[in-house]
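Encoded as structure tokens, the structure appears first; notes follow it.
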There are 2 protein chains.
Amino acid sequence: MRAEPFRDPKGVAKYRHEVLAVVFRVLADTPSLQVLAWQRHHEPFAGQWALPSGPVEVSETMRDAMERHLADKLDLVAVRHSEQLATLSAPLRDPAERTIATAYLGLVAEATEVVKGGAHWFDVSTLPQMAFDHDEVVRLGAHRLRGKISYSNIAFALAPDEFTLAHLREIYMGVLYHDVDVTNLGRVLTRRHQIEPTGHRTAPGQKGGRPARTYRFVEHSLHITDPFAVLRGDQKR
Amino acid sequence: MRAEPFRDPKGVAKYRHEVLAVVFRVLADTPSLQVLAWQRHHEPFAGQWALPSGPVEVSETMRDAMERHLADKLDLVAVRHSEQLATLSAPLRDPAERTIATAYLGLVAEATEVVKGGAHWFDVSTLPQMAFDHDEVVRLGAHRLRGKISYSNIAFALAPDEFTLAHLREIYMGVLYHDVDVTNLGRVLTRRHQIEPTGHRTAPGQKGGRPARTYRFVEHSLHITDPFAVLRGDQKR
DNA sequence: CCAAAAGTGTTTTGGATACACCCATGA
DNA sequence: TCATGGGTGTATCCAAAACACTTTTGG
């Protein structure tokens, strides 16, 4: 039986509000885009995989709530960029009680592991069935990330502090899911002042090969670097 | 005195949730981007201008609630495109009681008037002081629209069904707030199959001049026409 | 010397811009 | 035929892409 909503004296309904986190990392080797999920212990959807989530407390913003839940339940504090994705309001999306949920996109660097709370990283391309509408939220997050990586410096949040161009290429390939030319990637990002050489080089691999220069992202906060695809005009009136 | 939140037996807080609508139109003559606001009658912020808003009912989605409030309070049913903008959760944004609000961007065609409910169209560039955080929401909406008009066909929702290129240019100028070249605008939108000629022409103006062809948008739903600014690769793997 | 990996140089492409010029109408 | 506004043609620009070639390393 579905719970009746709370109403205040004027008859205005009150709802449970929770935050969801779609946390992505990219493994360069495969390369693949992975999302963090954990197994539910309680009904509804007990035993199924779900995104990290939790209610919003009275004196915190939704972003605070999202960070708090990731830290408390999963010991995850290494989120390097987060932004609001969407708010879900289908009346029956939670079978127990009407719950409005705001989803956040979170990005962590490649090496990030999560040991606590039975969490697991899943390839976005082979996602298991998920609780609630969480599959849809993951797809939405992947779509947002794919769009933004082309016209912003959002990759700073997925890459380590220091990386080679070959490594960065694999991160881009994991997100975009198509081939990316290393040479041109380096030139585009350099022209846009997104990356700069550190002056260091890596040790060459076991099978030889020229040692690669390493680079870093110039900014570690989100910047739109290609603001208007077209119709730029002369920006004067 | 601030109201205490409702809590269920397990101690989970429940919140008032409302929807906000940032409804834009563009007047071609000026040209200017205008937003719909109305004057509040009750505290808090009585007498100040505010965006149309209202609570979400138990069995409706937020989009339904937004459309319902616009129709009931302002007789506005001509919204040609709407999309979710953001959800606002600052704990003190509503001085009376914690209220989480989800803002929608709505677009109507130029001629759209609103007669009911004491509503008024304001130029976004000369916005009055607004209730709550509504100024910020208007700016967010304008920013979203400005970005999207360059890489999607979103202008279909602002233009009349049939228009001349000169007219469409003024709509783009109202949104982008910089000069747009008519010739190139027509060519870009034609190449992207966003617009097509209707085969009609307008009557020439009072002072003469060649009669203009009219055009229509091919699609009347949102399509991204310039999906990846760069790093397109060959789309093969 | 060869294989492997990184990096450079150079050409090509194609959408977008700029702008000169031509066309159709009213007075 | 002139003023006004619409439309066409074309040269130019420039970021991005493609790809051949050179450099630096280990074996």
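Order of the sequence lines fixes the chain letters, A, B, ..., with proteins taken first and strands second; residue numbering starts at 1 for each chain. Computed from a predicted model, the values in this text were never measured in an experiment.
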*With A:L36 as reference, evaluate A:L76, A:V22, A:V108, A:L51 under the side-chain contact (heavy atoms from CB on, under 4.5 Å) test and give the passing residue.*
A:L76
*To the nearest 0.5 Å, tell me how far A:H223 NE2 sits from A:H193 NE2.*
13.0 Å
*Without swapping roles, check the side chain of A:R80 against the backbone of A:F156 for a donor-acceptor pair under 3.5 Å.*
yes
_How many whole angstroms separate atom CZ of B:R169 from atom C1' of D:dG7?_
14 Å
_Length of the line joining B:I195:CD1 and D:dG7:P, which is rounded to integer Å_ = 11 Å
*Between D:dG6 atom C1' and B:L168 atom CG, what is the distance in whole Å?*
15 Å
*Starting from P on D:dC19, measure out to CG on A:D179 and report it in whole angstrom.*
12 Å
N/O contacts under 3.5 Å, protein versus nucleotides 7-10 of chain C?
{"unit_1": "C:dG7", "atom_1": "OP1", "unit_2": "A:R213", "atom_2": "N", "d": "2.5"}
{"unit_1": "C:dT8", "atom_1": "OP1", "unit_2": "A:R213", "atom_2": "NH2", "d": "3.4"}
{"unit_1": "C:dG9", "atom_1": "N7", "unit_2": "A:R187", "atom_2": "NH1", "d": "3.4"}
{"unit_1": "C:dG9", "atom_1": "O6", "unit_2": "A:R187", "atom_2": "NH2", "d": "2.6"}
{"unit_1": "C:dT10", "atom_1": "O4", "unit_2": "A:R187", "atom_2": "NH2", "d": "3.3"}

_Under 6.0 Å between ring centres: does that hold for A:W49 and A:H120?_
yes
*asked:* Please verify the inter-ring angle class for B:F163 with B:F217; under 30° counts as parallel, over 60° as perpendicular, anything in between as tilted.
replied: tilted
_Axis-to-axis angle between the two ends of the helix from C:dC1-D:dG27 to C:dA27-D:dT1 (five base pairs per end, rounded to 10 degrees)_ = 20°
*May I have the step-by-step check of side-chain hydrogen bond (donor to acceptor under 3.5 Å, both in side chains) for B:S82 and B:R63, ending in yes or no?*
CA-CA 9 Å; B:S82 67; B:R63 163 167 268 119; 3.0 Å; yes
*asked:* Whole angstroms only, please: what is the NE2-C1' distance between B:H178 and C:dA16?
replied: 13 Å
*What integer distance in Å separates A:L189:CG from D:dA16:C1'?*
12 Å
*Quick one: do A:R139 and A:D133 make a salt bridge, cutoff under 4.0 Å?*
no
*asked:* If we ignore hydrogens and angles and just use 3.5 Å, is the side chain of B:R216 paired with the main-chain N or O of B:E162 as donor and acceptor?
replied: no
*Starting at CG of B:D181 and ending at P of C:dA16, how long is that distance when rounded to a whole Å?*
13 Å
_A:R192 side-chain N/O to D:dA16 phosphate OP1/OP2 under 4.0 Å_ = yes
*Would B:L20 and B:L88 count as a side chain to side chain contact (heavy atoms under 4.5 Å, CB included) if you check the C-alpha gap in whole Å, the side-chain angles of each, and the deciding distance to 0.1 Å?*
CA-CA 10 Å; B:L20 295 176; B:L88 305 159; 4.0 Å; yes
*For atom CD of B:E170 and atom P of D:dG5, their distance in whole Å*: 11 Å
